[in-house]
Student: 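This is the structure, below, for whatever I ask next.
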Amino acid sequence: MGSQSYFMVLIICVVAIIGSSDAELQLGYYGKSCPKAEQIVLKYVHQHIPNAPSLAAALIRLHFHDCFVRGCDASVLVNSTQTNQAEKVAIPNLTLRGFDFIDTIKSLIEAECPGVVSCADILSLSARDSVHAIGGPYWNVPTGRRDGTISKSADVFISLPAPFHNLTTLLTLFGNVGLDANDLVLLSGAHTIGVSHCPAISNRLYNFTGKGDQDPDLDSEYATNLKKFKCKNINDQTTLIEMDPGSRNTFDLGYFKQVVKRRGLFQSDAALLKSSTTRSIVAQHLQSNEKFFTEFAKSMEKMGRISVKVGTEGEIRKHCAFIN
């Protein structure tokens, strides 16, 4: 009886170990179930990103907005229904792009192996491959994420860091998902590519404290140029502004160079100078492009693991915009 109990416990332990190892992200997760999956993503990215490099910024932003709300589960890709306002329609997400790009890759992979590869993994891989395609860093993307079945616009306002947040709020929101001050600085470095719109900075330029004033943390010469050539009034909703002027499609140290000159576009950029800790991290990464790339890659892999659904959690969506 004792030996039977022993073997029963042993079997349970072995099953538990196998189960737990299956329920983790791993490099090459689709090696047997859909061996061409990652190659399909890479091929599509290399076909299109060189002709539309701004999409790299759009895809990494989409990945960021996804992971901070309910984890990296592709909930940001879901359409609203008559009974539910999805994340996609929350104000901070209205300028997101790249949904069609992900949908197309999903359809190509579905044609190869239906119901196997998650939208969450496709988004994670696309963000990495597109940034690398424009000369940015490469990072490992272990796969095995499953897609979420909940997407609520209200969650975005609770969880997502915003361009007007101060350092305390940013560190809290990053901390809530297991990221630290180093990750905050490094992931902010993604602002070296892409553009924003005037509403993100109009208060900094025209009404910082509600008295028609300008943010004193913003370099005055830069602010004057922004008012003269870009956001000519507080009501401008459409004008695009480069986050790293002059090299918006080049992944480099340009963003950090802007930040130390007090020319970071957002309050959240200026916030990086508000503590000796974050200031020193910015200074470190100004020293070496190679070091920045290496450390950025580590933070991206870390971000890609936020509250992932694995094993039997969630689902594999047939179409990224619709829960099954």
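All values below come from the heavy atoms of this structure, side chains included, with hydrogens, waters and symmetry mates left out.
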Student: With a 4.5 Å limit on heavy-atom distance, are the side chains of Phe99 and Cys320 in contact?
Tutor: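 No, side chains not in contact.
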
Student: Where the side chain of Arg97 meets the backbone of Ala58, is there a donor-acceptor pair that is under 3.5 Å apart?
Tutor: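 No; zero donor-acceptor contacts below 3.5 Å.
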
Student: Can you establish whether the number of heavy atoms outside Glu290 located under 6.0 Å from its atom CD is more than 12?
Tutor: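 Result for CD/Glu290: open.
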
Student: With the 4.5 Å side-chain cut-off for hydrophobic clustering, are Met243 and Leu186 part of the same group?
Tutor: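 Different clusters: Met243 never reaches Leu186 through Ile, Leu, Val, Met, Phe, Trp or Tyr contacts under 4.5 Å.
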
Student: Please report the C-alpha distance between Glu313 and Val310 in whole Å, then the side-chain angles of each, then the deciding distance to 0.1 Å, and finally whether the side chain to side chain contact (heavy atoms under 4.5 Å, CB included) criterion is met.
Tutor: CA-CA 6 Å; Glu313 297 175 285; Val310 292; 3.8 Å; yes

Student: Could you please spell out the steps behind the side chain to side chain contact (heavy atoms under 4.5 Å, CB included) verdict for Val117 and Ile40?
Tutor: CA-CA 11 Å; Val117 181; Ile40 290 170; over 6 Å; no

Student: In this structure, is the centre-to-centre distance between the rings of Tyr138 and Phe293 below 6.0 Å?
Tutor: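 When the ring centroids of Phe293 and Tyr138 are compared, they turn out to be at least 6.0 Å apart.
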
Student: Could you go through the side chain to side chain contact (heavy atoms under 4.5 Å, CB included) check for Leu265 and His191 one step at a time?
Tutor: CA-CA 9 Å; Leu265 199 59; His191 290 171; over 6 Å; no

Student: So, does Ser280 use its side chain to make a donor-acceptor pair with the main chain of Thr277 at under 3.5 Å?
Tutor: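 Between the backbone of Thr277 and the side chain of Ser280 there is a qualifying donor-acceptor contact (under 3.5 Å).
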
Student: Let me confirm one number: the OG1-CG distance from Thr294 to Asn289, rounded to the nearest 0.5 Å.
Tutor: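 Going from OG1 on Thr294 over to CG on Asn289, the span is 9.5 Å.
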
Student: Please tell me if the side chains of Ser268 and Leu170 come closer than 4.5 Å, counting only heavy atoms from C-beta onward.
Tutor: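 In short, these two side chains touch, coming nearer than 4.5 Å.
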
Student: Count the heavy atoms belonging to other residues, nucleotides or ligands that lie under 6.0 Å from CD of Glu221, then report whether that count exceeds 12.
Tutor: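 No - once you tally the heavy atoms of other residues, nucleotides and ligands closer than 6.0 Å, there are 12 at most.
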
Student: Please round to the nearest 0.5 Å and tell me the distance separating atom CZ of Phe174 and atom CD1 of Ile306.
Tutor: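 Answer for the CZ-CD1 pair, Phe174 versus Ile306, is 8.0 Å.
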
Student: Under a 3.5 Å distance rule, please check whether Ser299 uses its side chain to pair with a backbone N or O of Phe296 as donor and acceptor.
Tutor: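 Not at all, since once roles are kept as given, no pair shorter than 3.5 Å links the two residues.
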
Student: Taking Glu295 first and then Lys298, would you say they form a salt bridge - that is, a charged N and a carboxylate O separated by under 4.0 Å?
Tutor: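 Counted as a salt bridge, because a side-chain N and a carboxylate O are separated by less than 4.0 Å.
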
Student: Is Phe164 reachable from Phe64 through a run of hydrophobic residues whose side-chain heavy atoms are each under 4.5 Å from the next?
Tutor: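 Looking at the clustering, Phe164 is in a separate group from Phe64.
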
Student: Take Leu173 and Asn176 through the side chain to side chain contact (heavy atoms under 4.5 Å, CB included) test and state the conclusion after the steps.
Tutor: CA-CA 5 Å; Leu173 292 173; Asn176 288 346; 4.1 Å; yes

Student: With no hydrogens and no angle check, do the side chains of Asp121 and Tyr30 hold a donor and an acceptor under 3.5 Å apart?
Tutor: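 Judged by distance alone, the side chains do pair up.
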
Student: Distance check, rounded to the nearest 0.5 Å: Tyr29 atom OH versus Glu24 atom CD?
Tutor: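 One gets 11.5 Å once the value is rounded to the nearest 0.5 Å.
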
Student: Counting distance only, does the side-chain N/O of Arg146 pair as donor-acceptor with the main-chain N or O of Gly311 below 3.5 Å?
Tutor: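 Answer holds: yes.
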
Student: With a cut-off of 6.0 Å (strictly less than), are more than 12 heavy atoms of other residues, nucleotides or ligands near NZ of Lys227?
Tutor: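 Correct, the count exceeds 12.
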
Student: Please determine whether side-chain hydrogen bond (donor to acceptor under 3.5 Å, both in side chains) holds for the pair Asp269 and Tyr255, giving the CA-CA distance in whole Å, both sets of side-chain angles, and the decisive distance to 0.1 Å.
Tutor: CA-CA 9 Å; Asp269 298 326; Tyr255 165 77; 2.6 Å; yes

Student: Nearest 0.5 Å, what's the CD1-OG distance between Ile281 and Ser275?
Tutor: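 Spacing of CD1 (Ile281) from OG (Ser275) equals 7.5 Å.
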
Student: Do the side chains of Leu286 and Lys257 get nearer than 4.5 Å, heavy atoms only?
Tutor: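 Contact flag for Lys257/Leu286 side chains = yes.
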
Student: In this structure, are over 12 heavy atoms from other groups packed under 6.0 Å from Ile91 atom CD1?
Tutor: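 No, the 6.0 Å shell around CD1 holds no more than 12 heavy atoms from other groups.
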
Student: How about Asp66 and Leu77: do any of their side-chain heavy atoms sit closer than 4.5 Å?
Tutor: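 No, too far: nothing below the 4.5 Å cut-off.
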
Student: Examine Leu187 and Phe292 and state if one hydrophobic cluster contains both, with Ile, Leu, Val, Met, Phe, Trp and Tyr joined whenever side-chain heavy atoms are less than 4.5 Å apart.
Tutor: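 Same cluster.
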
Student: How long is the gap from CG on Asp244 to CD1 on Ile193, to the nearest 0.5 Å?
Tutor: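 With rounding to 0.5 Å, CG (Asp244) is 10.0 Å from CD1 (Ile193).
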
Student: Are Cys231 and Ile241 packed together at the side-chain level, in the sense that at least one heavy-atom pair is separated by less than 4.5 angstrom?
Tutor: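 In contact.
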
Student: For the side chain to side chain donor-acceptor pair (under 3.5 Å) test, which of Asp147, Thr149, Asp73 pairs with Lys309?
Tutor: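 Answer after filtering Asp147, Thr149, Asp73: Asp73.
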
Student: Taking the six-membered ring of Tyr222 (Phe, Tyr or Trp), confirm whether the NZ or CZ of Lys261 is under 6.0 Å from its centre and within 45° of its axis.
Tutor: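 Not flagged: Lys261 not positioned over aromatic ring of Tyr222.
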
Student: Under 4.5 Å between side-chain heavy atoms, counting indirect links through other Ile/Leu/Val/Met/Phe/Trp/Tyr residues: same cluster for Val116 and Leu108 or not?
Tutor: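 Both belong to a single hydrophobic cluster.
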
Student: I'd like to know if Phe256 and Leu273 are part of one continuous hydrophobic network [Ile/Leu/Val/Met/Phe/Trp/Tyr, side-chain heavy atoms within less than 4.5 Å].
Tutor: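 Yes; tracing contacts between hydrophobic side chains, which count when under 4.5 Å, links both residues.
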
Student: Measure from the side-chain N and O atoms of Asp155 to the backbone N and O of Val69, and report whether any donor-acceptor pair falls under 3.5 Å.
Tutor: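 No.
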
Student: Hey, does Asp252 have a side-chain heavy atom less than 4.5 Å from the side chain of Ser247?
Tutor: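 Yes - at least one pair of side-chain heavy atoms lies under 4.5 Å apart.
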
Student: Assess, by modelled atom type and distance only, whether the side chains of Thr81 and Asn84 contain a donor and an acceptor separated by less than 3.5 Å.
Tutor: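 Side chains of Thr81 and Asn84: no pair found under 3.5 Å.
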
Student: Rounded to the nearest 0.5 Å, what separation is found between the CD1 atom of Ile122 and the CD atom of Glu110?
Tutor: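 That separation rounds to 7.5 Å.
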
Student: Does the distance from a Lys or Arg side-chain N to an Asp or Glu carboxylate O, for Asp180 and Lys302, drop under 4.0 Å?
Tutor: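 Judged by the 4.0 Å cut-off on N to carboxylate O distance, Asp180 and Lys302 do form a salt bridge.
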
Student: Determine yes or no for a side-chain-to-main-chain donor-acceptor pair under 3.5 angstrom, with Arg145 supplying the side chain and Leu25 the backbone.
Tutor: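 Not at all, since once roles are kept as given, no pair shorter than 3.5 Å links the two residues.
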
Student: Examine distances only and state if a side-chain atom of His319 and a backbone atom of Ala321 form a donor-acceptor pair shorter than 3.5 Å.
Tutor: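 Checking the backbone N and O of Ala321 against the side chain of His319, a donor-acceptor pair under 3.5 Å is found.
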
Student: Please check if the side chain of Arg317 supplies one atom and the backbone of Ala120 the other of a donor-acceptor pair under 3.5 Å.
Tutor: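 Checking the backbone N and O of Ala120 against the side chain of Arg317, no donor-acceptor pair under 3.5 Å is found.
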
Student: Quick one: does Glu315's side chain have a donor or acceptor within less than 3.5 Å of a partner on Asn324's backbone?
Tutor: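 Answer holds: yes.
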
Student: Counting C-beta onward and ignoring hydrogens, is there a side-chain heavy-atom pair between His132 and Trp139 closer than 4.5 Å?
Tutor: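 A side-chain contact is absent here, since even the closest heavy-atom pair is not under 4.5 Å.
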
Student: Strictly distance-based, threshold 3.5 Å: is any side-chain N or O of Asp236 a donor or acceptor partner for the main-chain N or O of Thr238?
Tutor: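 Yes, because the side chain of Asp236 sits within donor-acceptor range (under 3.5 Å) of the backbone of Thr238.
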
Student: I want to check something: taking the side chain as every heavy atom from C-beta on, are Asn79 and Lys88 in contact at a cut-off of under 4.5 Å?
Tutor: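 When only atoms from C-beta onward are counted, Lys88 and Asn79 do touch, with a gap below 4.5 Å.
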
